[in-house]
Protein chains: 2
Amino acid sequence: MISPAQFFKCLSDDTRLRCITLLQQEGKLCVCELTTALELSQPKISRHLASLRQCGLLLDSREGQWVFYQINPSLPDWTTPLLVNALQAVQSTESFKIDLQRLKKMANRPDSALCC
Amino acid sequence: MISPAQFFKCLSDDTRLRCITLLQQEGKLCVCELTTALELSQPKISRHLASLRQCGLLLDSREGQWVFYQINPSLPDWTTPLLVNALQAVQSTESFKIDLQRLKKMANRPDSALCC
DNA sequence: TATTAATATACGGATAATCATATATAAAAA
DNA sequence: TTTTTATATATGATTATCCGTATATTAATA
């Protein structure tokens, strides 16, 4: 089970924090959607997602060629308010406005909020 | 001003997390009190307190030979619920029970909750 | 089967974090 | 003034983190 210190380490990097924030907003996203939305390289996103998966913070599920990530719904209770407040903190400080509408226009698969 | 990622990095280490938790419970403690309460070396505690001070999370104030630390009361608003929830998380997961009564018996100065 | 698209991982380098130990500094006490 | 107490910091070693680049893997498509 994840410890508080481990949990905070997961949130201690901008890329991870932005991934988690997007996943909390959108529910489920594949790697290429996060890559597009955050304008970062695919290996960089994949590595951070892998570390969050290894900590138990995220779950992954393959659907064909895509691998979708979501926040693990079975996290310990004490993480819930922290994730909610972390999301609010990120949004209240960074100009963290992903233009989701623009990205939706680029979508090439129906079930996806963003593109690949 | 501290960023969310920086803030979470401050909370990503057990020693720092325990210092912050104790300071939140007790208000103001000197280095030797934290050293005694957490049973860790003085340089280790001092180094972590210095890093938290440099991030703006803690304030220090010298009183004679003692240096007291406290949580900076002027932190941005978004940090307040996070600190409260972090404290609860630490207490709900770790067997983080400092025997304050025992430590008070060792006190050798009236204004201090713990000893030196 | 060959190719493409999506994802993961290995590799090497750069930087940061952490610690134990030793030493420096500052204030109080002898 | 010497010593003691409390605290800070320097040093060197070890380990961890982060990244770009290259490559491997998996599934879909031509």
Side-chain angles (χ1 to χ4, degrees), chain A residues 3 5-6 8-19 23 28-55 58-70 103 106-116, chain B residues 3 5-19 23 28-55 57-70 103 106-116:
Chain A
S3 72
Q6 274 182 298
F8 290 123
K9 185 163 288 184
C10 289
L11 305 182
S12 72
D13 175 272
D14 264 326
T15 301
R16 290 195 294 272
L17 206 46
R18 294 171 76 202
C19 285
L23 289 171
K28 215 177 193 183
L29 294 171
C30 68
V31 178
C32 64
E33 291 176 312
L34 288 162
T35 301
T36 300
L38 301 178
E39 297 180 285
L40 293 170
S41 76
Q42 176 267 317
K44 181 168 175 172
I45 294 286
S46 271
R47 263 185 282 114
H48 282 294
L49 292 175
S51 77
L52 292 172
R53 171 170 35 83
Q54 282 155 18
C55 287
L58 299 183
L59 295 183
D60 63 338
S61 55
R62 181 174 278 275
E63 294 183 20
Q65 50 187 160
W66 294 287
V67 175
F68 285 84
Y69 282 86
Q70 60 181 315
L103 289 165
M106 299 167 68
N108 57 6
R109 46 178 297 280
D111 290 318
S112 173
L114 310 181
C115 80
C116 288
Chain B
S3 73
Q6 273 182 299
F7 177 78
F8 291 123
K9 183 163 288 183
C10 289
L11 305 182
S12 72
D13 175 273
D14 263 326
T15 301
R16 290 193 294 272
L17 204 48
R18 296 170 74 202
C19 285
L23 288 172
K28 214 176 194 184
L29 294 170
C30 68
V31 177
C32 63
E33 290 175 312
L34 289 162
T35 301
T36 301
L38 302 179
E39 297 180 285
L40 293 170
S41 77
Q42 177 267 316
K44 181 167 177 172
I45 294 286
S46 271
R47 262 185 287 109
H48 283 294
L49 292 176
S51 76
L52 292 172
R53 171 171 34 82
Q54 282 154 18
C55 286
L57 209 71
L58 299 184
L59 295 183
D60 65 337
S61 54
R62 181 175 278 275
E63 296 183 19
Q65 51 187 161
W66 293 286
V67 176
F68 284 85
Y69 282 86
Q70 60 179 317
L103 289 165
M106 299 167 68
N108 57 8
R109 46 180 297 281
D111 290 319
S112 172
L114 311 180
C115 77
C116 288

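Just so we're clear, the structure is a prediction, and the values are computed from it rather than from any experiment. Below, all heavy atoms of this structure are taken into account, side chains as well, without hydrogens, waters or symmetry copies. Convention: sequence-line order gives letters A, B, ...; per-chain numbering from 1.
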Practice prompt. Measure the distance from CZ on Phe68(A) to P on dA27(D) and round it to the nearest whole Å.
Written response: 15 Å
Please report, to 0.1 Å, the donor-acceptor pairs under 3.5 Å made by any side chain of residues 10-17 of chain A, with sequence neighbours excluded.
| from | atom 1 | to | atom 2 | distance (Å) |
| --- | --- | --- | --- | --- |
| Ser12(A) | OG | Lys9(A) | O | 2.7 |
| Asp13(A) | OD1 | Thr15(A) | N | 2.8 |
| Asp13(A) | OD1 | Arg16(A) | N | 3.1 |
| Arg16(A) | NE | Cys10(A) | O | 3.0 |
| Arg16(A) | NH1 | His48(A) | ND1 | 3.2 |
| Arg16(A) | NH2 | Lys9(A) | O | 3.1 |

Discussion item. From the set dA8(C), dA6(C), dA8(D), return the single nucleotide nearest to any side-chain atom of Val31(A).
Written reply: dA8(C)
Worksheet, complete the sentence: d(Leu23(A) CG, Leu29(A) CG) to nearest 0.5 Å is 5.0 Å
Fill in: Residues forming a ring-ring contact (aromatic ring centres under 6.0 Å, His included) with Phe8(B), sequence neighbours excluded
none
Discussion item. Are the side chains of Tyr69(A) and Cys30(A) in contact, using a 4.5 Å heavy-atom criterion?
Written reply: no
Fill in: Between C1' of dA6(D) and OH of Tyr69(B), the distance in whole Å
12 Å
Discussion item. Quick check for you: to the nearest 0.5 Å, what is the distance between Leu59(B) atom CG and Lys28(B) atom NZ?
Written reply: 9.5 Å
Worksheet item: Who are the salt bridge (charged side-chain N to carboxylate O under 4.0 Å, His left out) partners of Arg53(B), not counting sequence neighbours?
Response: Asp60(B)
Which protein N or O atoms sit under 3.5 Å from an N or O of nucleotides 15-23 of chain D?
| from | atom 1 | to | atom 2 | distance (Å) |
| --- | --- | --- | --- | --- |
| dC18(D) | OP2 | Arg16(A) | NH1 | 3.0 |
| dC19(D) | OP1 | Lys44(A) | NZ | 2.9 |
| dC19(D) | OP2 | His48(A) | NE2 | 2.8 |
| dG20(D) | N7 | Arg47(A) | NH2 | 3.1 |

Worksheet entry | Length of the line joining Leu40(B):CG and dA6(D):C1', which is rounded to integer Å | 17 Å
Worksheet item: Just how far, in rounded Å, is P of dT7(D) from CG of Leu58(B)?
Response: 14 Å
Discussion item. I need the CH2-C1' distance between Trp66(A) and dA5(C), as an integer number of Å.
Written reply: 9 Å
Practice prompt. Figure out the CG/P separation between Leu49(B) and dA8(D), and round it to whole Å.
Written response: 7 Å
Worksheet entry | Listed partners of Ser46(A) passing side chain to side chain donor-acceptor pair (under 3.5 Å), at least two apart | Gln42(A)
Worksheet, complete the sentence: In this structure, CZ of Arg62(B) is separated from CZ of Phe68(B) (nearest 0.5 Å) by 11.0 Å
Item to complete: To the nearest 0.5 angstrom, please state how far the SG atom of Cys19(B) sits from the CG atom of Leu49(B).
Response: 5.0 Å
Worksheet entry | Contact letters for nucleotides 25-30 of chain C, in which S counts primed atoms plus P, OP1 and OP2 and B counts the base, heavy atoms under 4.0 Å | --SS--
Response to the item:
Taken to the nearest whole Å, CG/Leu34(A) to P/dA6(C) is 14 Å
